[in-house]
Colleague: 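Below is a structure I'd like to ask you about.
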2 protein chains.
Amino acid sequence: MPDDMIVSIAYRFKILSEPMRLKILRAICGGEKTVQEIVNEAQASQANISKHLSMMYESGLVERRKDGLKCYYRLADDNVFKVCGLISKSIENNMKHRLKWINNKNDSLTQ
Amino acid sequence: MPDDMIVSIAYRFKILSEPMRLKILRAICGGEKTVQEIVNEAQASQANISKHLSMMYESGLVERRKDGLKCYYRLADDNVFKVCGLISKSIENNMKHRLKWINNKNDSLTQ
DNA sequence: TTGTTATATAACTAAATAGCTATAAAATAA
DNA sequence: TTATTTTATAGCTATTTAGTTATATAACAA
């Protein structure tokens, strides 16, 4: 993989590396929502959510549709969920691994 | 997905959000390597690589084995590659989408 | 017009961090 | 012992950024 691809992927990861932005994704994973609805679900200030949404829109992670005063945001594609699934699986593996390691240590202490 | 899971996943993404750390993963994707080998491949200072490796080790992304003066690092699991694959696919989709959008705009301008 | 609602943005602050230099630690060799 | 090699870490600086408050923009209603 070339360096510039690495930089692009790293930037995409950076967008996904903020809990508040993942909460936004969680809020819209079932379908498009207005900014206000997302604000309520993610429990943050309107300015903060709006800034995150703008950033996510600029980077192509979400799409939007304006209707009167409201602005509806939705996911650009669903790869992000597969990604989160893999990451959580990886975290799970890691915790199992550490647990096993701790257990082995306890075993050798009690033997 | 509960908030604490979101925080864990966000942290994992954060580790993956630095190009230099992705270069390290690229270096060791074929098997374990010493710190010095990784330094040469990733083209960074020894202190910098060592700091990144320590962080990646602490968070369970890589494992290590010491042998005399050398220290060998390897991937903890290969989910990270599936993740990068999905991300790059997502970036690809996004670029196609934008390209289509630009083409449509050009079409409507030339019509 | 004026007022209200929904969203975006500007300016700021505090906190986090990537990379640097210098040095410590630890294993090996002479 | 002393010297060398490999890796880790401490301390520092400059940059980035999440969240805040205040304000701007823009659509709608009266």
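Note that the structure is a prediction, hence the values are computed from the model and not measured. Each chain gets a letter, A, B and so on, in the order the sequences are listed, and its residues count up from 1.
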Colleague: How long is the line joining CG of A:Leu69 and P of C:dA6, in whole Å?
Modeller: 7 Å

Colleague: Of the nucleotides C:dA22, D:dT6, C:dT7, which one has an atom closest to the side chain of B:Lys70?
Modeller: D:dT6

Colleague: Would you say a side-chain N or O of A:His52 is under 4.0 Å from OP1 or OP2 of D:dT17?
Modeller: no

Colleague: May I ask you to test the B:Leu61-B:Arg12 pair for a side-chain heavy-atom distance under 4.5 Å?
Modeller: yes

Colleague: Once you round it to whole Å, what is the distance between P of C:dT7 and CG of A:Asn40?
Modeller: 10 Å

Colleague: Is A:Tyr73 touching bases, backbone alone, or none of the nucleic acid, heavy atoms closer than 4.0 Å?
Modeller: sugar-phosphate

Colleague: Could you state the atom-to-atom distance from OH of B:Tyr11 to P of C:dT17 in whole Å?
Modeller: 8 Å

Colleague: Starting at atom NZ of A:Lys33, determine the distance to atom C1' of C:dT7, rounded to an integer number of angstrom.
Modeller: 18 Å

Colleague: Rounded to whole Å, please give me the gap between CE in A:Met20 and C1' in D:dT20.
Modeller: 13 Å

Colleague: Please report the interatomic distance CZ(A:Arg64) to CD1(A:Ile28), rounded to the nearest 0.5 Å.
Modeller: 12.5 Å

Colleague: OP1, OP2 of D:dT6 versus side-chain N and O of B:Tyr72: anything below 4.0 Å?
Modeller: no

Colleague: How many whole angstroms separate atom CD of B:Gln36 from atom P of C:dT28?
Modeller: 17 Å

Colleague: Using whole Å, what does the distance between atom P of nucleotide C:dA6 and atom CD1 of A:Ile38 come to?
Modeller: 14 Å

Colleague: Atom CG of B:Asn48 to atom C1' of C:dA22: distance rounded to whole Å?
Modeller: 15 Å

Colleague: Taking only side-chain N and O atoms of A:Arg21, does any of them lie within less than 4.0 angstrom of OP1 or OP2 on D:dG19?
Modeller: no

Colleague: Which is more 5' along DNA chain D, the nucleotide nearest A:Lys14 or the one nearest A:Ser45? Just name the residue.
Modeller: A:Lys14

Colleague: Have a look at A:Lys51 and say if it touches a base, only the backbone sugar-phosphate, or nothing, with a 4.0 Å heavy-atom cut-off.
Modeller: base

Colleague: Starting the side chain at C-beta, find the nucleotide from D:dT7, C:dA8, D:dA18 nearest to A:Glu18.
Modeller: D:dA18

Colleague: Return the CG to CD1 distance between B:Asn48 and B:Ile24, rounded to the nearest 0.5 Å.
Modeller: 7.5 Å

Colleague: Both A:Ala44 and B:Ser54 contact DNA chain D. Which one's nearest nucleotide lies toward the 5' end?
Modeller: B:Ser54

Colleague: Looking at every strand, decide which applies to A:Gln46 at a 4.0 Å heavy-atom threshold: base, sugar-phosphate, or nothing.
Modeller: base

Colleague: Does some side-chain heavy atom of A:Lys23 sit less than 4.5 Å from a side-chain heavy atom of A:Ile49?
Modeller: no

Colleague: Quick one: are A:Leu16 and A:Leu22 in side-chain contact, heavy atoms under 4.5 Å?
Modeller: yes

Colleague: If you compare every side-chain N and O of A:Arg64 against the phosphate oxygens of C:dA8 (OP1, OP2), does one of them come in below 4.0 Å?
Modeller: yes

